[in-house]
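To start, the structure under review is shown below, and the notes come after it.
What you see is a predicted model; the values in this text were computed from it and never measured.
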Amino acid sequence: VCLVGIYAFTQGFLQKQALRFLFDFKTIPNFLICLCVFYFFLHIDIGSLSWINSIAKGTLAVYLIHQHCAFKDYLWHDIFHCNLWIKTDNEYFPLQTLFLVFSIFIVASIIDFLRRLVIEPIWTKSKLFSLLDRKIEKLYK
């Protein structure tokens, strides 16, 4: 019974997120703009500074986490309660905004670091990854 409930929840959740992604007219243009910005910075020759490279590795994940339709409402309304403290008469607004930006960047960077450390090695060693990699390589030959 528990597995049926988990399956029903994930199917409903995943279907809802897919529909939100497909029908929100801003999603695909935002993602394409994001890719263009990262492609631009990828081709800029600023040298090689290890601390900049380590910070830059997680910036796409930071963008995707804080702006993706699956997380956006939850993050802004349920976690940070932005609708309560964004007021014109709030004297702490600049400090709260600065804290918000830094906290989202740090937490999302940590999540991406853990993804690269734990999930990515498992995924790249999987048989499914090897199969998909061979199929994609055949397409480009």
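- Among all heavy-atom pairs drawn from Phe129 and Thr124, the shortest one is CD2-O, 3.3 Å.
- For the atom pair OG (Ser126) and CG (Leu132), the distance works out to 8.0 Å, reported to the nearest 0.5 Å.
- Hydrophobic clustering, with ILVMFWY side chains joined whenever heavy atoms are under 4.5 angstrom apart, groups Val107 together with Ile65.
- For the residue pair Gly58 and Asp112, the shortest heavy atom distance occurs at CA-OD2, 3.3 Å.
- In this structure, CH2 on Trp123 lies 11.0 Å from CD on Glu120, to the nearest 0.5 angstrom.
- Separation of atoms CZ (Phe80) and OH (Tyr74) is listed at 10.5 Å; rounding is to 0.5 Å.
- When the side chains of ILVMFWY residues are joined at heavy-atom separations under 4.5 Å, either directly or via intervening members, Ile106 and Ile79 end up in two distinct hydrophobic clusters.
- Under the 4.5 Å side-chain contact rule for hydrophobic residues, Phe40 and Val37 share a cluster.
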Chi angles and distances behind the side-chain contact (heavy atoms from CB on, under 4.5 Å) call for Ile104, Leu75 = CA-CA 9 Å; Ile104 289 174; Leu75 183 68; 4.0 Å; yes
Please walk me through it: do Lys135 and Leu131 pass side-chain contact (heavy atoms from CB on, under 4.5 Å)?
-> CA-CA 6 Å; Lys135 296 240 184 222; Leu131 176 72; 4.1 Å; yes
Show the numbers, then the answer: is there a side-chain contact (heavy atoms from CB on, under 4.5 Å) between Ser109 and Ile55?
-> CA-CA 8 Å; Ser109 294; Ile55 291 172; over 6 Å; no
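- There is a path of hydrophobic side-chain contacts, each under 4.5 Å, that joins Phe113 to Val118.
- There is a path of hydrophobic side-chain contacts, each under 4.5 Å, that joins Val62 to Ile33.
- For the atom pair CG (Leu100) and NE2 (His66), the distance works out to 9.0 Å, reported to the nearest 0.5 Å.
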Take Leu35 and Tyr39 through the side-chain contact (heavy atoms from CB on, under 4.5 Å) test and state the conclusion after the steps.
-> CA-CA 6 Å; Leu35 287 179; Tyr39 186 76; 6.0 Å; no
